[in-house]
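Shown next, in structure tokens, is the structure this report addresses.
Just follow the structure's listing: the first ligand is 1, and inside any ligand the first atom is 1. It should be emphasised that the depicted structure is a prediction, and the values quoted were computed from it without experimental measurement.
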Amino acid sequence: MSSPHSLDSGSTAPLAILREVFGYEAFRGPQAAIVDQVTAGGDALVLMPTGGGKSLCYQIPAIARARAGHGVSIVVSPLIALMHDQVGALHEAGVSAAFLNSTLDWQEALDVERRTARAELTLLYAAPERVNTPRFLELLDGLAARGKLALFAIDEAHCVSQWGHDFRPEYRALAVLHERYPAVPRIALTATADALTRADIVERLQLQDARQFVSSFDRPNIRYAIVEKKDASTQLLRFIEREHEGEAGVVYCQSRKRVEEVAQMLADAGVNALPYHAGLDAAVRQRHQDRFLREEGIVMVATIAFGMGIDKPDVRFVAHLDLPKNIEGYYQETGRGGRDGLPADAWMAYGLQDVVNQRRMIDESPAAEEFKQVMRGKLDALLALAEATDCRRVRLLAYFDETYGMPPDAPEGEERAPLMHCGSCDNCLSPPAVWDGTDAARKLLSTIYRVQQQSGIGFGAGHIMDILRGKPTDKVKQFFHERVSTFGIGAEYSETQLRGVLRQLIAIGAVEVDAEKFNTLRLTDGSRAVLRGEVPVRLRESVSQPAPRRSRRER
Ligand code: ADP
Ligand code: ZN
């Protein structure tokens, strides 16, 4: 790839660069302060939601510093597609940029290396695994010796943390940059990081002295809704038909098989849907991605393999048919909706099986116990969000340490106060009726206990609920479970209600699901407090019909 023309000349003033090179009038939010900090040679840690405009935060300092004679800026990014897009866009803007990654043959790579060594490039994008190679470090040594190493930008910085949702071991090695070139300024950027991950980024990348720029994580145009999963496919189809006919969206599913099924189901129903997962041929994947980006109104049904680095402004909805692993993942995926600032829906269907599956995945993973504990904590936070009866936005932002109504980047001097309602999530729009599930919870726990006592083995959720509701099924008779003292004492509860109670009991750790024994239920240390009535169990009233919403035309 050849550079259009060199940018040795021109203003080093950030605002002039923003206007001349990128054609934008003004900086957005904290961009100006970040650019100033880094251009002046300081370090920065930038937390900004997807679509906030992170790229300019390092591209403009890179151009300013190159024009001031400081040489080449190195951008570390794990996303090959994003590198290609950005380098392409920079070329169009007349900025000399290139990338080094596995898509180049050795001749091309050699050419990029030569141009880097001569400091002809303003920005060099490199994959993290490349940065720590002796060859690459030698290249940097040569530049540094001549004072031609201008800046390190570390994109997707959460990849350095195993508490983040996308840990990449190669990122750990990036600490070498600071150790080897302490005088070169660094900027690390990420779109999602809770407090734990943020602290980990600072420590791992030795950014203790960096100035932190935390933007508000609120995406006001995204409306969050989490519904109880009944027949997920039909629910999804109804949601699309009623709210998003003919519009572009992404549907996330957990497995490849499910992606295929759902894409087929939607296509059969006349929705313009395409599947995307890592098991598809690379060419097919590319074709589907291209169509999604170029055509209007395509619904991409995908595993989480899809979406990183994809900048499509008019995605009108992001749907989750399966529960993500944690709030970071959920937030990043839903953040792909509404990048143009127009209304977009984040819709999720969630049920008992999701809780069971996610817990099992953690339990069965080969990871260390400490790691599993953190993962369980993160899953619990997501479950609490799903079960919440109050404002989803308030809870989401609180997870990222932000108080709704008091954004960290609010202009100084402005009066701010915490807000309890966003007015646009499902719980704000139609506050759910809440019922006290404490009695039902105690009866469920007693039944699990007594059945275990009587039969010496555990049983699954369906059977336990049958006993409690007094249903004399064949299985109940076979095990003489009509004789259990709790048989029929929960007849007033519907199966849906009991499922809700069980889901919450599992979510709070008061019931365990034994995956190795056919998903049988058993009590835990946490059961006792619920049995004693010390932990209130408050539940959303199950709504069989979603509350009516305004039609698309009225919106
Ligand atoms: P992020 O990496 O934070 O997700 P990007 O850097 O891709 O976001 O920016 C998102 C979009 O916003 C891009 O289309 C970008 O060109 C645009 N953008 C960024 N900063 C500005 C600005 N100051 N004025 C206008 N548009 C901007
Ligand atoms: Zn709300």
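Rounded to the nearest 0.5 angstrom, Cys422 SG and Arg392 CZ are separated by 10.5 Å. Asp390 CG to Cys425 SG: the interatomic distance, rounded to the nearest 0.5 Å, is 8.5 Å.
Counting heavy-atom neighbours within 6.0 Å of Gln208 CD, excluding the residue itself, gives a total above 12. For NE2 of His421, the number of neighbouring non-hydrogen atoms (other residues, nucleotides, ligands) closer than 6.0 Å is 12 at most. Counting heavy atoms of neighbouring residues, nucleotides and ligands inside a 6.0 Å radius, atom CZ of Arg538 does not exceed 12 of them.
Enumerated by chain and number, the residues approaching ligand 1 to less than 4.0 Å through a heavy atom are Tyr24, Ala26, Phe27, Arg28, Gln31, Pro49, Thr50, Gly51, Gly52, Gly53, Lys54, Ser55, Leu56, Arg339.
Asp290 and Gln286 form a side-chain donor-acceptor contact under 3.5 Å, judged by distance and modelled atom types alone.
A distance-only check finds no donor-acceptor pair linking the side chain of Asp345 to the backbone of Trp347 [under 3.5 Å].
Less than 2.8 Å away from the Zn ion (ligand 2), the protein contributes these N/O/S atoms: Cys391 SG, Cys422 SG, Cys425 SG, Cys428 SG.
Side-chain contact between His84 and Asn101 is present, with at least one heavy-atom pair separated by less than 4.5 Å.
Ring planes of Phe400 and Tyr331: tilted class, angle from 30 to 60°.
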